[in-house]
Amino acid sequence: MKPFQIRLPGPPRHIVYPKHQAGHIGKQAGHLGSQAFYPGRQHSYLVPPAGAAGIPVQNQPGRPAGALWMPAPPPPLNCPPGLEYLSQIDMILIHQQIELLEVLFSFESSNVYEIKNSFGQRIYFAAEDTNFCTRNCCGRSRPFTLRITDNVGQEVITLERPLRCNCCCCPCCLQEIEIQAPPGVPVGYVTQTWHPFLTKFTIKNQKGEDVLKISGPCIVCCFAGVDFEITSLDEQIVVGRISKHWSGLLREALTDADNFGIQFPRDLDVKMKAVMIGACFLIDYMFFERTR
């Protein structure tokens, strides 16, 4: 008969947990300060600042592996779906991707853009939806639909530009663009304002009421950095800035792939931030698309 044995439980096995991704979110660069813009009590476009953004999200479904995406912050009150990414930032970087077919064969292909925050984290992708004939026959004046999608491929912003004759001497054919968020729901418009020698635009809300103005230089040079100031309606307060960044001689000479930066107050309404993105794309097509 075997003696009775008591087996004591041994030490627990060591479990290795995956390391968390590091991603420090500090103070956003390029902040314009605490300057707030109040275009009037009937046009209140300021919302309370949100909390910290959190840890960057990586390898989202439907996107290339290794892509570092900005995490989705808690959506503010009355925020259209997908625009919560804009609630905690005061700077946007827009990079147009180089199309090899354009460089090799000199015909216009659909523009594709990457939209990032000041930390280099991706916020959106933007892709032009036009046909071959429209792009290569109408050039920089072409009408287009630009679809902006989030990190899971959901379309959150749609830009609609109608066909207009791009002639500064013809005030009846001024440029405009409609911004929808979500698709099908207009949140604002950007319209060109006629001026004999200056570049001017007006930012409107969803009701077509004037909210802000954009002023550019007299001569827009394609081979240098250019700033377009976003101001109050009386043009006395600078609210933000749309800047076309110099990309280097080789890239500027051989391609029309441009880099832009947009600055605005952090507490500006996300709808107006989306409208400023639309204004940046309109400026890109009007002045920096190569004429074939």
Side-chain angles (χ1 to χ4, degrees), residues 57 59-70 72 80-86 92-117 120-163 175-190 242 244-245 247 251 255-262 270 273-290 292:
V57 179
N59 298 338
Q60 287 294 327
R63 291 303 183 189
L68 189 63
W69 286 85
M70 176 182 174
L83 297 192
E84 63 271 12
Y85 292 93
L86 304 177
I92 288 178
L93 304 175
I94 300 178
H95 303 301
Q96 184 176 352
Q97 297 183 359
I98 297 177
E99 301 292 336
L100 294 179
L101 292 179
E102 289 188 9
V103 178
L104 296 176
F105 301 103
S106 296
F107 64 78
E108 187 69 28
S109 59
S110 296
N111 290 350
V112 178
Y113 302 86
E114 195 176 23
I115 303 176
K116 301 180 179 181
N117 62 14
Q121 300 170 352
R122 297 175 184 173
I123 307 176
Y124 303 118
F125 270 117
E128 177 186 352
D129 185 4
T130 54
N131 58 52
F132 179 87
C133 294
T134 299
R135 292 192 302 270
N136 291 274
C137 295
C138 299
R140 62 179 59 177
S141 300
R142 64 183 181 267
F144 62 78
T145 299
L146 199 71
R147 307 188 187 279
I148 301 178
T149 57
D150 62 9
N151 58 2
V152 293
Q154 181 71 30
E155 185 176 348
V156 296
I157 304 175
T158 302
L159 309 179
E160 295 280 356
R161 182 198 187 189
L163 178 63
Q175 301 296 310
E176 64 179 40
I177 193 169
E178 178 182 277
I179 296 86
Q180 303 171 3
V185 180
V187 295
Y189 307 85
V190 180
I242 298 175
K244 193 269 184 183
H245 299 157
S247 303
R251 179 176 178 136
T255 73
D256 56 3
D258 301 307
N259 295 320
F260 286 87
I262 308 175
V270 293
K273 293 181 181 181
V275 175
M276 290 182 185
I277 294 177
C280 181
F281 283 115
L282 180 60
I283 289 172
D284 180 30
Y285 277 84
M286 286 182 60
F287 301 109
F288 304 106
E289 277 291 293
R290 182 180 298 178
R292 302 295 176 182

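For the numbers below, each heavy atom of this structure counts, side chains included, while hydrogens, waters and symmetry mates do not.
By the 4.5 Å heavy-atom criterion applied to side chains, Y85 and V270 are not counted as neighbours. Within the 4.5 Å cutoff, the side chain of V187 has heavy atoms near those of the V275 side chain.
Listed by chain and residue number, T145 satisfy the side-chain hydrogen bond (donor to acceptor under 3.5 Å, both in side chains) test with E160 (two or more places apart in sequence, or in another chain). Residues satisfying the salt bridge (charged side-chain N to carboxylate O under 4.0 Å, His left out) test with E114, not counting sequence neighbours, are K116, R122. With sequence neighbours excluded, the residues forming a side-chain hydrogen bond (donor to acceptor under 3.5 Å, both in side chains) with Y113 are N111, D284, listed by chain and number.
At least one donor-acceptor pair closer than 3.5 Å links the side chain of E84 to the backbone N or O of G82.
When every heavy atom of A279 is checked against every heavy atom of V190, the shortest pair comes out as CB-CG2, 3.8 Å. A126 and I148 get closest at one heavy-atom pair: CB-CG1, 3.8 Å. Across all non-hydrogen atoms, the minimal contact from P162 to P143 is C-CB, 3.8 Å. The minimum heavy-atom distance linking L83 with A181 is given by the pair CD1-CB, 3.8 Å. Between I242 and M276, the shortest heavy-atom distance links the atoms CD1-O, 4.0 Å.
For E128 and R161, the salt-bridge test fails: no basic side-chain N is under 4.0 Å from an acidic carboxylate O.
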Evaluate the side-chain contact (heavy atoms from CB on, under 4.5 Å) criterion for residues Q96 and N259: first the C-alpha distance (whole Å), next the side-chain angles of each, then the deciding distance (0.1 Å), finally the verdict.
CA-CA 6 Å; Q96 184 176 352; N259 295 320; 5.7 Å; no
Any chance you could lay out the side-chain contact (heavy atoms from CB on, under 4.5 Å) test for F125 and R147, step after step, and finish with the verdict?
CA-CA 8 Å; F125 270 117; R147 307 188 187 279; over 6 Å; no
After noting the C-alpha distance and the side-chain angles of Q180 and V185, does the key distance pass the side-chain contact (heavy atoms from CB on, under 4.5 Å) rule?
CA-CA 5 Å; Q180 303 171 3; V185 180; 5.6 Å; no
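Distance check: F144 CZ to T130 OG1 gives 9.0 Å after rounding to the nearest 0.5 Å. With rounding to the nearest 0.5 angstrom, the CD1 atom of I277 is 9.5 Å from the CD1 atom of I179. Going from atom CG of L93 over to atom CZ of F260 covers 12.5 Å, rounded to the nearest 0.5 Å. To the nearest 0.5 angstrom, C280 atom SG is 4.0 Å from I262 atom CD1. In this structure, CD1 in I92 is found 5.0 Å from CG in L86, a value given to the nearest 0.5 Å. One distance of note links CZ of F281 with CD1 of I94; it measures 4.0 Å at 0.5 Å rounding.
Remark: aromatic rings of W69 and Y124 are distant, center separation not under 6.0 Å.
The residue from N151, I115, I123 that alone fulfils the side chain to side chain contact (heavy atoms under 4.5 Å, CB included) condition with M70 is I123.
If you check the side chains of N117 and Q121, you find a donor sitting under 3.5 Å from an acceptor.
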